[in-house]
Every structure is written in structure tokens, then in C-alpha cells.
Amino acid sequence: MKYYFVDVKTKEGDMLPWRASFWAITKAEFIMSSLPALFLPGTLCDERVWLPVWKQLTLNQRRYVPLQWANSLEEMLSLTGDRVLPDEKVHLIGYSMGGYIAALWALENAAQVASLTLIGYDAAGLTNQEMSRRQQMVKMIKAGKFDAGNTNYLARFIHPSRLDDEAVASVVIAMGEDLGKGTLIAHTQATTPRKALTASLAKSPFPIHIIGATNDEIAQPEGVKQMIQTISPASATFVENSGHMLPLEKPSELADALQKIVNSGAK
């Protein structure tokens with residue numbers, strides 16, 4: 001069997017001493033580990049939601065889809081496609097709303113998908129109750145001021161133990177204030193209604209990985225577990241003691257899971 005020798009860097013980006021800086025991998029593993037990883041954020045989020053995770057990942061190529069720029073579903077899908085070269089395969093990593101966009105794009109472009117990782121996302125689609133709640137929320141936001149620091153708003157997304165944590169709540173508030181209610185309205189309307197994709201994903205040709213949180217009130221564990229049973233993904237992970245803001249609440253655990261997914265893509 002032919003092996004390839006590649007440089008190894010520490011998580012801080014420093015090269016290891018030359019005698020320890022090479023490790024042997026097969027050609028298939030080399031190809032998979034060299035593929036780009038494409039990250040998609042959630043509603044009212046930008047790259048700040050991924051920063052704590054990125055700091056702990058070792059990736060050959062990292063790309064980001066700025067969904068905060070989009071005003072429609074078509075624009076979200078276009079922004080995703082713009083970051084994938086022709087005939088190139090990528091690891092798609094979508095969080096929350098970004099999971100929906102990543103799944104949609106993957107199903108439409110299966111030949112370019114090395115793997116699809118869905119974080120804090122339930123592919124069952126929106127219930128009538130959730131669609132009504134979203135419509136009411138949009139009306140209220142349009143009629144008044146949006147307060148990203150509202151305690152009730154934050155409590156839907158963040159585990160109670162992290163509501164006073166500046167590394168979590170302060171980032172959520174800052175993204176909400178910077179992106180503003182216009183982005184929240186655009187994101188909500190662009191993804192409402194939301195297609196049920198579970199059945200289509202179950203028949204997809206690419207490996208799917210699912211990561212949930214045990215205390216997620218948005219992508220609730222019960223629904224995610226049903227999705228897992230239907231899809232039979234390549235891997236499924238639940239992170240303990242985290243709310244919906246998993247990339248901010250548990251970045252180390254999420255980074256470890258993602259590193260394994262990218263590294264073992266060829267196995």
C-alpha cells in the first residue's frame with residue numbers, strides 16, 4: 001500500500017520538530033483530509049459563532065458561508081455554491097439554520113459533497129405551531145424594537161448555566177445587535193416554511209453526521225433522535241449540558257467531534 005507523508009501542525013499553528021512532523025496516511029485518507037471544510041452559521045449569527053471551534057481545529061482548508069448577507073433562500077444557496085469550486089468536493093458543516101441550507105445544497109449537489117454534518121438541526125421541517133410562532137415574531141419585531149439582550153429571548157438558546165457567561169451570552173447579544181432585526185426578519189422569512197428533508201437525506205449517497213445537544217430547546221433531542229433513526233447517519237453525537245448555542249457553549253467537544261469526522265472521512 002502506498003503512503004503519503006504530510007506535515008503536522010499543533011493546534012496553535014506551530015510546526016512540530018522535523019523528526020516528529022510527519023505522519024503516514026493512505027492516499028484515500030490524504031485526499032479526504034485535504035478537502036475544504038465549509039461552515040454555515042445559524043439565524044442571526046456570523047463567523048463569531050464558529051471562532052471558538054475554529055481555534056481548536058486543524059484543517060487544510062476552512063471556508064465560511066456568510067449567510068448574514070442573504071435576504072432570501074435563493075441567496076443563501078447561491079452564497080454556498082459560490083464557495084465551492086467546479087468538480088470539487090467539500091465537507092459541509094451547518095449549524096441550526098445553516099444545517100438546513102447545507103442539507104438543501106448537499107441534496108442538490110451530491111456529487112460535490114464529501115460529508116454533511118448537521119449541528120443543532122432537525123430535518124423534520126417546521127410544525128404549523130412553529131410557523132405561526134415565527135409569523136407572530138416577525139410582526140412583533142417589525143412593529144417594535146428588537147432587544148437581543150432580552151432574558152427570555154436568550155433563555156431559548158442558551159443553557160441556564162451559561163446565561164451569565166460572557167463567552168456565550170455576550171457573543172449572542174453582540175451578533176444580534178450588530179446584525180440587527182433586519183437580518184433576523186430576513187433569515188426567518190427566507191426559511192419559513194422549511195421543507196422536511198429527513199426522507200431525502202436517508203437516501204443520499206454521501207455520509208451524514210449529526211451532532212445535537214441534550215438541552216437544546218430549538219432542535220430538541222427527541223426530534224433529533226427520530227431523525228437519526230430514519231437517516232442512520234455515519235455518526236451521531238449528543239453533547240451534554242448544552243443549549244442550542246453549541247458552538248459557543250461547548251466548543252472543545254464540538255471541535256473534537258468535527259476533527260474526527262474530517263480525519264476519518266475516508267474510512
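Everything numeric in this text was worked out from a predicted model, so none of it was measured.
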Decide whether [X] and [Y] are clustered together by the hydrophobic rule: side chain heavy atoms of Ile, Leu, Val, Met, Phe, Trp, Tyr closer than 4.5 Å, transitively.
X: F238; Y: L246; value: no
X: V224; Y: I93; value: no
X: Y95; Y: V262; value: yes
X: V113; Y: L38; value: yes
X: V65; Y: L92; value: yes

Only one of I211, V53, V239 passes side-chain contact (heavy atoms from CB on, under 4.5 Å) with E253, and that residue is V239
Exactly one of L116, T117, L35 clears side-chain contact (heavy atoms from CB on, under 4.5 Å) with H91, and that residue is L35
How many angstroms lie between [atom1] in [X] and [atom2] in [Y], if you round to the nearest 0.5 Å?
X: Q189; Y: S72; atom1: CD; atom2: OG; value: 11.0 Å
X: I185; Y: M137; atom1: CD1; atom2: CE; value: 8.0 Å
X: R62; Y: L57; atom1: CZ; atom2: CG; value: 8.5 Å
X: L40; Y: I119; atom1: CG; atom2: CD1; value: 10.0 Å
X: S232; Y: L201; atom1: OG; atom2: CG; value: 12.0 Å
X: T191; Y: M97; atom1: OG1; atom2: CE; value: 6.5 Å

Within the 4.5 Å heavy-atom criterion, are [X] and [Y] side-chain neighbours or not?
X: I101; Y: L79; answer: no
X: S115; Y: I261; answer: yes
X: P66; Y: R83; answer: yes

Write down the atom of [X], the atom of [Y], and the distance for their closest heavy-atom approach.
X: L184; Y: T43; value: CD1-CG2, 3.7 Å
X: Q68; Y: D46; value: NE2-CB, 3.5 Å
X: A103; Y: L118; value: CB-CD2, 4.3 Å
X: Q112; Y: L85; value: NE2-O, 2.9 Å
X: V49; Y: P247; value: O-CB, 3.2 Å
X: G243; Y: H159; value: N-CB, 3.6 Å

Next on the checklist: Run the side chain to side chain contact (heavy atoms under 4.5 Å, CB included) test on M175 and L44 for me, step by step, so that the C-alpha distance in whole Å, both residues' side-chain angles and the decisive distance to 0.1 Å come before the verdict.
Outcome noted: CA-CA 7 Å; M175 288 190 296; L44 203 60; 5.7 Å; no
Can a donor-acceptor pair be found, under 3.5 Å and without considering hydrogens, that links the side chain of [X] to the backbone of [Y]?
X: T127; Y: E130; value: yes
X: T80; Y: M76; value: yes
X: S78; Y: E75; value: no
X: Y100; Y: G94; value: no

Taken in chain and number order and not counting sequence neighbours, the residues that satisfy salt bridge (Lys or Arg N to Asp or Glu O under 4.0 Å) with E88 are R63
Do we see a donor-acceptor contact under 3.5 Å between the side chains of S252 and Q56? yes
Q. Which is it for C45 and M245 under the side chain to side chain contact (heavy atoms under 4.5 Å, CB included) test, yes or no, and what are the steps along the way?
A. CA-CA 10 Å; C45 293; M245 300 304 300; 4.3 Å; yes
Contacts satisfying side-chain hydrogen bond (donor to acceptor under 3.5 Å, both in side chains) that involve residues 206-229 (not counting sequence neighbours) are H209-S235, D216-H244
Under a side-chain separation threshold of 4.5 Å, the hydrophobic residues clustered together with M131 are L126
Check: Is the CG atom of N128 crowded by more than 12 outside heavy atoms at less than 6.0 Å?
Finding: no
- [ ] Please say whether more than 12 non-hydrogen atoms of neighbouring residues, nucleotides or ligands are located less than 6.0 Å from NZ in K181.
- [x] yes
Requested in this report: Could you walk me through whether N109 and V84 pass the side chain to side chain contact (heavy atoms under 4.5 Å, CB included) test, one step at a time?
Outcome: CA-CA 10 Å; N109 302 273; V84 182; over 6 Å; no
| task | Evaluate the criterion side chain to side chain contact (heavy atoms under 4.5 Å, CB included) for residue pair F39 and E47; output intermediate values, then yes/no. | result | CA-CA 9 Å; F39 292 81; E47 56 268 38; over 6 Å; no
Can you list, pair by pair, the side-chain donor-acceptor contacts under 3.5 Å of residues 138-154, counting residues two or more places apart and other chains?
from : atom 1 : to   : atom 2 : distance (Å)
D147 : OD1    : G149 : N      : 3.0
N150 : OD1    : N152 : N      : 2.9
N150 : OD1    : Y153 : N      : 3.0

Those residues at least two apart in sequence (or on a different chain) that pass side-chain hydrogen bond (donor to acceptor under 3.5 Å, both in side chains) with D178 are R48
All N/O donor-acceptor pairs, side-chain side in residues 165-173, below 3.5 Å, sequence neighbours left out:
from : atom 1 : to   : atom 2 : distance (Å)
D165 : OD1    : A167 : N      : 2.9
D165 : OD2    : R162 : NE     : 2.9
D165 : OD2    : R162 : NH2    : 2.7

